[in-house]
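Both counts, for ligands and for their atoms, begin at 1 and track the order of listing.
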Amino acid sequence: MIGRFAPTPSGRLHLGNLLCAMLAYLSARSQGGQFLLRIEDVDIPRCPRALAQQAIDDLRCLGFRWDAPPLYQSERSGVYQDALNRLRREGHVYPCFCTRAQLHAADAPNRGDDTPVYGGACARLSAEEIAEKMKTRRPAYRLRVPDETIAVCDRHYGLYQENLARDCGDFILRRSDGLFGYQLAVVVDDALSGVSEIVRGHDILSSTPRQIYLQRLLGFETPEYAHIPLLEDAQGRRLAKRDGDTDLTALAKRFSREEILGMLACSAGLLDENRPATMEELIDTFDWEKVRTEDMRLPLSF
Ligand code: GLU
């Protein structure tokens, strides 16, 4: 059994990220599994190395340990390109020349979160049209999705499903600036690292059907998924990376490691009261049944 935590270091980790890391860690360790850390800096310009290092330091400081050196997505373009080439050879991918303005046109249907569902304009280009457009514009590459409903049975939330053609549309595997898309990188990395359980925030649940479809095309197994509610502060506001007052440097000045772990465990429902706890105690007593399915809230204000 192999679990993992895969932060995007576009900002400092906040307590919500740390809670996610903690649940992934406790679940893996309580099953006697391994735990891996992957730095999701695939969007290289948005993820400076210093923030990746900060994330590693923060996790170490709370007592997390991993069983292999951290993987950096920014160093893995060759692996993603191989996967993309394979999908292209098999006819699942096409170049897309649409501009941002075309994609966000007022009449484009969207997923409900402002992300447009791609209408498929470039899916119908002839070989001649593609060759002509290639002369002036570097394309993105999109995966053609089927009119098919893909379901995930989430350990925590139960059934979640999407019809890929209707709810999502053909999605980007490589951007026109050459950077690889999150969906491809995540699927390739989890599979090649042998990850068998993915614990992550509820905000990524809707990416899971796309990832399962990619796993199928690439011949990878689908891991177990557990998406967890997003952590709120004591007033019920969602935490964000910009909240400097909940970064670990500030918190470590006021609280011990065990107090911070206890606070997180209490928010998740793993402890009945807010009290200090060691990682070992939390591993020994971890049980998914105790983890809250409704919003998780910090027990105190900062
Ligand atoms: N990198 C993503 C994030 O920090 C998580 C991706 C995942 O766990 O699959 O939100």
Side-chain angles (χ1 to χ4, degrees), residues 2-28 33-49 51-56 58-59 64 66 70-76 79-80 83 113 115 150 152 154-157 160 162 168 171-173 175 179-215 218 220-231 238-243 246-248 291 296:
I2 303 183
R4 53 70 154 179
F5 178 56
T8 300
S10 56
R12 182 93 186 249
L13 295 184
H14 58 68
L15 284 173
N17 305 125
L18 293 169
L19 175 61
C20 202
M22 189 176 92
L23 290 172
Y25 192 76
L26 297 180
S27 180
Q34 292 182 28
F35 184 75
L36 303 176
L37 176 64
R38 181 171 72 237
I39 301 296
E40 298 217 310
D41 54 355
V42 71
D43 192 348
I44 299 166
R46 287 184 52 234
C47 299
R49 254 315 149 101
L51 280 173
Q53 189 55 48
Q54 184 73 66
I56 291 175
D58 285 350
L59 291 166
F64 291 90
W66 33 94
L71 219 60
Y72 286 81
Q73 288 189 327
S74 55
E75 294 169 358
R76 294 174 56 77
V79 186
Y80 308 142
D113 58 359
T115 322
I150 307 259
V152 47
D154 187 84
R155 170 175 232 157
H156 207 51
Y157 278 100
Y160 175 79
E162 270 190 13
C168 164
F171 60 92
I172 302 254
L173 299 181
R175 300 177 357 186
L179 292 178
F180 287 90
Y182 157 70
Q183 311 293 351
L184 181 68
V186 137
V187 164
V188 168
D189 286 341
D190 281 327
L192 298 189
S193 309
V195 168
S196 55
E197 183 184 83
I198 293 181
V199 179
R200 59 187 181 188
H202 182 241
D203 53 335
I204 310 181
L205 181 59
S206 64
S207 285
T208 311
R210 273 172 279 175
Q211 294 176 12
I212 292 177
Y213 182 59
L214 269 173
Q215 288 156 6
L218 291 165
F220 298 147
E221 288 199 16
T222 292
E224 289 254 354
Y225 287 99
H227 290 84
I228 56 160
L230 299 180
L231 182 64
R238 186 175 151 184
L239 295 180
K241 287 190 174 128
R242 62 183 174 277
D243 294 333
T246 57
D247 80 35
L248 215 54
V291 179
M296 296 179 180

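- Checked against salt bridge (Lys or Arg N to Asp or Glu O under 4.0 Å), Arg38 has the following partners two or more places apart in sequence or in another chain: Glu40, Asp189, Asp190.
- Looking at Tyr182 against ligand 1, only its side chain comes within 4.0 Å, counting heavy atoms.
- Atom CD of Gln53 has more than 12 neighbouring heavy atoms from other residues, nucleotides or ligands inside a 6.0 Å radius.
- Looking at Gln73, Arg200, Glu40, Arg4 and measuring to atom 2 (C) of ligand 1, the nearest heavy atom belongs to Glu40.
- Annotation: salt bridge (Lys or Arg N to Asp or Glu O under 4.0 Å) contacts of Arg200 (sequence neighbours excluded): none.
- Side chains of Gln183 and Gln211 form a contact here, defined as non-hydrogen atoms less than 4.5 Å apart.
- Looking at Ala6 next to ligand 1, an N or O pair under 3.5 Å apart turns up.
- Residue contacts with ligand 1: Arg38 is placed with no nitrogen or oxygen under 3.5 Å of a nitrogen or oxygen of the ligand (distance criterion only).
- Neither the backbone nor the side chain of Ile198 has any atom closer than 4.0 Å to an atom of ligand 1 (non-hydrogen atoms only).
- When side chains are defined from C-beta on, Val42 does not count as touching Val186, because their heavy atoms never get closer than 4.5 Å.
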